[in-house]
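First the structure, in the form of structure tokens, and then the observations on it.
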Number of protein chains: 2
Amino acid sequence: MRLSTKGRYGVTAMMDLAIHDNAGPVTLADISQCQGISLSYLEQLFSKLRKHKLVDGVRGPGGGYRLARPADEISIAEIISAVDEKVDVTRCNHEGNCQDGVRCLTHELWEELSDRLFNFLSGITLAQFANRPGIHELAIQRDNINGRFILARRQQEVLQQQRRVS
Amino acid sequence: MRLSTKGRYGVTAMMDLAIHDNAGPVTLADISQCQGISLSYLEQLFSKLRKHKLVDGVRGPGGGYRLARPADEISIAEIISAVDEKVDVTRCNHEGNCQDGVRCLTHELWEELSDRLFNFLSGITLAQFANRPGIHELAIQRDNINGRFILARRQQEVLQQQRRVS
DNA sequence: TTAATTCTTGACTAATTTACTCAGGTAAGA
DNA sequence: TCTTACCTGAGTAAATTAGTCAAGAATTAA
């Protein structure tokens with residue numbers, strides 16, 4: 001179990017998707033502007049999220065990313081381990097090289113702590129954050145104020161249709 | 001909240017101290033050999049642990065480090081934040097520069113998750129690992145087999161006394 | 001008192017990871 | 001066909017990690 005800013009970026013970006021889940025795909029450019037993360041860096045993160053089947057990419061105009069599964073089936077632990085890429089296999093690989101028993105001992109204790117942490121984060125889903133009362137409305141409202149995102153896009157569509165008619 | 005190998009080193013080293021707590025100070029050289037961490041790197045980690053009042057250093061022959069408080073009053077969260085040195089203040093510092101409300105929104109959600117994690121780790125103490133039935137006996141036994149640590153040091157003292165007598 | 005031991009501090013460095021840039025692709029819709 | 005936006009990979013600057021080296025201070029044992 002590891003937790004760095006990389007994991008935080010992954011989780012916050014996924015929260016963003018979850019909040020806008022029912023309003024079409026979200027572009028990385030939007031997330032980039034909102035969260036202050038470089039676009040290409042996000043592309044790398046989402047490449048991993050895609051490979052781990054956590055998001056679906058939708059190409060072409062109007063495309064972007066959406067959650068691959070319902071928000072209540074995606075845990076924080078999944079996101080972090082997808083992005084942070086577990087490393088660091090314990091040096092004592094249960095062979096002859098672990099000559100000192102006490103190392104193994106504290107290793108075992110650490111493994112247990114790590115497991116507890118993972119289980120804790122497995123029990124927390126995106127939905128617990130996205131579906132809280134008021135959050136969704138607040139998001140739409142704020143998007144609207146800033147004149148971007150999905151609502152802004154819808155407005156553009158309306159404008160284009162009006163032009164076509166006239 | 002962050003969690004890297006540095007934090008793991010800190011926690012496992014502290015577990016080591018907790019296990020040997022009632023048998024005098026533990027030297028960094030011992031921990032270094034047991035855990036496979038370089039001595040000087042441990043010195044840096046323990047410098048931080050000392051500044052955060054988690055351990056006491058005992059100088060001179062027979063010295064080493066011991067816990068500054070009982071193991072049941074030291075939480076994992078304390079150790080990690082002492083060693084890992086919280087960084088990364090959120091970019092949106094509640095001033096005018098956070099122009100996009102959605103950023104603030106996901107930031108708040110992240111903060112909440114971070115808090116939950118911290119509270120979880122605050123509820124886990126060193127004692128929960130060190131005081132488990134059998135652990136302590138096992139540690140002594142293994143130390144004995146490897147002929148090092150406190151027991152080995154005691155044996156040396158006995159031998160030296162015998163020399164004095166003869 | 002002297003020597004050995006062990007903590008304590010600081011400066012410096014190699015390796016790794018993070019965060020980012022650039023530069024080109026490819027698929028899908030208008 | 002043109003634009004949009006995903007997708008990929010190579011390369012890079014900055015930060016962090018992990019470690020080395022060297023000197024010094026406190027304490028105990030001889």
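Note on naming: letters A, B, ... go to the chains in the order of the sequence lines (proteins, then strands), and numbering restarts at 1 for each one.
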Just how far, in rounded Å, is C1' of D:dC6 from CG of A:L28? 8 Å
In whole Å, what is the span from the CG atom of A:L45 to the P atom of D:dC6? 14 Å
Begin with the C-alpha distance, continue with both residues' side-chain angles, and end with the deciding distance and a verdict on side chain to side chain contact (heavy atoms under 4.5 Å, CB included) for A:F46 and A:K51. CA-CA 8 Å; A:F46 273 79; A:K51 280 171 188 158; over 6 Å; no
May I ask you to verify if any side-chain N or O of B:R66 is less than 4.0 angstrom from the OP1 or OP2 atom of C:dC7? no
Taking C-beta and beyond as the side chain, do B:I74 and B:T125 meet within less than 4.5 Å on heavy atoms? no
Length of the CG-P vector between A:D56 and D:dA5, whole Å: 18 Å
For atom CD of B:Q33 and atom P of D:dG19, their distance in whole Å: 15 Å
Pair B:R2 + B:D84, salt bridge at N-O below 4.0 Å: yes
Side chains of A:D72 and A:L126: closer than 4.5 Å at any heavy-atom pair? no
For atom CG of B:L42 and atom P of C:dC7, their distance in whole Å: 10 Å
Provide, to the nearest angstrom, the distance between the NZ atom belonging to B:K48 and the P atom belonging to D:dA18. 11 Å
Could you check how far NZ of B:K51 sits from P of C:dT8, rounded to whole Å? 11 Å
Euclidean distance, atom CG of residue A:D84 to atom P of C:dT16 [Å, nearest integer]: 18 Å
Short question: side chain of A:S114, backbone of A:W110 - any donor-acceptor pair under 3.5 Å? no
Please state whether the phosphate of D:dT17, meaning OP1 or OP2, lies under 4.0 angstrom from any side-chain nitrogen or oxygen of B:S4. yes
Polar atom pairs between nucleotides 26-29 of chain C and protein, under 3.5 Å, N or O only, would you list them?
{"unit_1": "C:dT26", "atom_1": "O2", "unit_2": "A:R59", "atom_2": "NH1", "d": "3.4"}
{"unit_1": "C:dA27", "atom_1": "O4'", "unit_2": "A:R59", "atom_2": "NH1", "d": "2.3"}

C:dT8, OP1 or OP2 - any side-chain N/O from B:Y65 closer than 4.0 Å? yes
Can you give me the closest heavy-atom contact between B:G123 and B:Q128, atom names plus distance? O-NE2, 3.0 Å
Check: B:E43 main-chain N/O paired with B:S47 side-chain donor or acceptor under 3.5 Å: no
Between B:R132 and A:E112, is there a side-chain N and carboxylate O pair less than 4.0 Å apart? yes
Check whether any side-chain N or O of B:R50 sits under 4.0 Å from OP1 or OP2 of C:dC7, and answer yes or no. no
Give a yes or no on whether a salt bridge exists between B:E78 and B:R69, defined as a side-chain N under 4.0 angstrom from a carboxylate O. yes
Check the interface with nucleotides 20-23 of chain D: list each N/O to N/O pair with the protein under 3.5 Å, or write none.
none

